[in-house]
K.L.:
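Before I ask anything, here is the structure I am working with.
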Amino acid sequence: MSVITNHLPTAELQALDAAHHMHPFTTNDDLAKRGVRVITRAKGVYLTDSDGHEILDGMAGLWCVNIGYGRAELAEVAARQMTELPYYNTFFMTTHVPAIALAQEIAKLAPEGMNQVFFAGSGSEANDTNIRLVRTYWDEKGKPGKKAIISRKNAYHGSSVGSGSLGGMAPMHAQGGLPIPDIHHIGQPDWWSEGGDMTPEAFGLARAQELEAKILELGEDSVAAFIAEPVQGAGGVIVPPSTYWPEIQRICDKYEILLIADEVICGFGRTGEWFGSHTLGLRPDIITIAKGLSSGYQPIGGSIVRDDVAKVINATEFNHGYTYSGHPVAAAVALENLRIMQEEDVLGHMRNVAMPAFHQGLEALTDHPLVGEAKYCGLMGSIALTPHKATRAAFAADKGTVGYLCRERCFANKVIMRHVGDRMVLSPPLVITEAELTELFKRARKALDETYALLQEKDLLHAA
Ligand SMILES: *Cc1c(COP(=O)(O)O)cnc(C)c1O
C-alpha cells in the first residue's frame, strides 16, 4: 500500500492536535510532548499511519471493528440512507424503516424471549437507559424500594455519569463525584490476581456469593438489578471460572433481581456465539449492545429487553430517549453489518479457523518467561505478565509500568495489543485469517522478547 500524501506532514498534524484536541483517558500534556500517532486509513485488519507504516490491529479499534476495516458495502448503505432519509426521530409517534428493520433483526439474533429494543447512540447511553429502565420497572410493579444496582469492581460500563457509576474503575470514581447514589460494587472473578490459594472453581463460587451477601446486606426489597459483562473486557479480559455464572444466575433468580448483561463487547459474535449470554449460559433480562452492532462504522447502541420486562415498561410513558435513538443512517449501517456477518458466516469462520488458531497462539505464548497465563473466550483473550509464574506474582514496579512498556514494544513491532495494568489484551477483527493470526503472534512474541530484555536492562524483573 502506498504512503498517504493527501494530508499535512505528521509533525504539523501533531502540533494542531496538541493545540486543539483533548483526548479521552489521556494526560494531554504528556501526549503533546511525545507526539500523537495519526491513523490515516485502514483495510481488513491493517491500519496505516501518517508515515505510511502498516500496523496489525489486534484490538479491532476499541473492540468494535468486527468485520474488519474498509467494507465498501457499509459506506454505500450509509450514502443511500443519507440521500433518502438522513435523519428523523422516533419520538412523537413516528418511526422509520431502518429502525424497524434493525430492531426486528436484533430480536431474531437475541436470546429466546428478548424481542424489544430501546436504541441509544453508544454503550454508555444504553447503560444510562438501563438504570432508568430497571428502576421504572420496579416502580410500576409496585416495589419502588427496589432501586439499588449491584455491579463489580473493575467493571467497565461506559463513561457518562450513570454508566461510569455502574462501572467499577477506581480512577474514574476519583474524578467528578462518582458514583451516584444506590450503586454498589462487589469483587470481580479475577482468579489470577485475587484468587490466592483457592482453586479457580472455589474462588469463582466465592466471588458469586458476594452478590448474595450484598443483597442480604442491602435487603432484598431494595435491590433492582445486577449488571455485569459476561467476560470483562476493559478490565483485562477476565474470563470467570466455570462456577461463577451458574451461581450468579441462581442468586438473581432466588431474590428476583433483574440481570443486565453488558454485552457491548461480547455481543454480535465476539465470544463465538451471537451473544456472550449464549456462550456462558446466562438468562439476562436486559442486554446492553453497541460496538460490534455496527462494527464501529457508525455510533449506535441499545438495550435488548426481555418480553415480560418490556410489557411492564410499555404500559406506561417511559420519559427517556435520545435525539439519535435509532438514527436511520446508523441503523442502516448496523443492519448491513449484520447481513454481512450472516451471509459470510463469520461465526463459522471463527469456529473453524480463527478461534482454534487464536487459542493455540495464546497458549503458545505461555512458554515465554514473562507470561504467566493465557485466558480467552472466542476472539477475546489476554495474557498475564509476571516476574514469577509459580506464585502468580505482580511486579514490584507500579501496576501497569511493565504493561505499558510491552504495549510500546508492540507498537514498535507494528502490532496493537492493549495493556490493562500488566495484562496484555487482544480482541482482533472476527474476520482475521489464520495467516494474519500467525503474523500477529510472531510480532507479539518479538515484542515480549524486547520487553523482557528491557526489564532486565532497567532492573524491573522483581516480584512485589
Ligand atoms: C465500551 C463499553 C461500554 C461503553 O460504550 P461507549 O460506546 O464507549 O459508550 C459499555 N460497556 C462495555 C462492556 C464496554 O466495553
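Values below: every heavy atom of this structure, side chains too, minus hydrogens, waters and symmetry copies. When a ligand or atom number is given, it counts from 1 through the structure's own listing order.
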K.L.:
Nearest protein heavy atom to atom 15 (O) of ligand 1, by residue and atom, and its distance?
P.N.:
Lys291 NZ, 2.6 Å
K.L.:
Would you call Trp138 and Lys147 a side-chain contact if the rule is heavy atoms closer than 4.5 Å?
P.N.:
no
K.L.:
Between Val264 and ligand 1, does any nitrogen or oxygen pair lie at a separation below 3.5 Å?
P.N.:
no
K.L.:
Is it the side chain (CB and beyond), the backbone, both or neither of Tyr156 that lies under 4.0 Å from ligand 1, heavy atoms counted?
P.N.:
both
K.L.:
Looking only at heavy atoms, what is the nearest atom pair of Ala78 and Val333, with distance?
P.N.:
CB-CG2, 3.7 Å
K.L.:
What are the atoms of ligand 1, with element, lying closer than 4.0 Å to any heavy atom of Glu229?
P.N.:
13 (C)
K.L.:
Looking at Glu408 and Arg37, is any side-chain nitrogen of the basic one under 4.0 Å from a carboxylate oxygen of the acidic one?
P.N.:
yes
K.L.:
Show me which atoms of ligand 1 lie under 4.0 Å from any heavy atom of Asp262.
P.N.:
10 (C), 11 (N), 12 (C), 13 (C)
K.L.:
What atoms in ligand 1 come closer than 4.0 Å to a heavy atom of Gly158?
P.N.:
4 (C), 10 (C)
K.L.:
In ligand 1, which numbered atoms sit nearer than 4.0 Å to a non-hydrogen atom of Ser124?
P.N.:
4 (C), 5 (O), 6 (P), 9 (O)
K.L.:
Compute whether any side-chain donor of one residue and acceptor of the other, for His23 and Asn28, lie under 3.5 angstrom apart.
P.N.:
no
K.L.:
Can an N or O of Glu125 be found at a distance shorter than 3.5 Å from an N or O of ligand 1?
P.N.:
no
K.L.:
Please work out whether the ring planes of Tyr87 and His327 are parallel, tilted or perpendicular, with thresholds of 30° and 60°.
P.N.:
tilted
K.L.:
Hey, would you say the Phe268 and Phe275 ring centroids sit under 6.0 Å apart?
P.N.:
yes
K.L.:
What is the ring orientation for Phe118 with Phe318, classed by angle as parallel under 30°, tilted 30 to 60°, or perpendicular over 60°?
P.N.:
perpendicular
K.L.:
Please list, in number order, the atoms of ligand 1 under 4.0 Å from a heavy atom of Ile265.
P.N.:
15 (O)
K.L.:
Decide yes or no for Leu166 and Ile131: does some side-chain heavy atom of the first lie under 4.5 Å from some side-chain heavy atom of the second?
P.N.:
yes
K.L.:
Any idea which atoms of ligand 1 are less than 4.0 Å away from a heavy-atom of Ser122?
P.N.:
7 (O), 9 (O)
K.L.:
Using a strict cut-off of 4.0 Å, indicate which atoms of ligand 1 neighbour a heavy atom of Gly123.
P.N.:
4 (C), 5 (O), 6 (P), 7 (O), 9 (O)
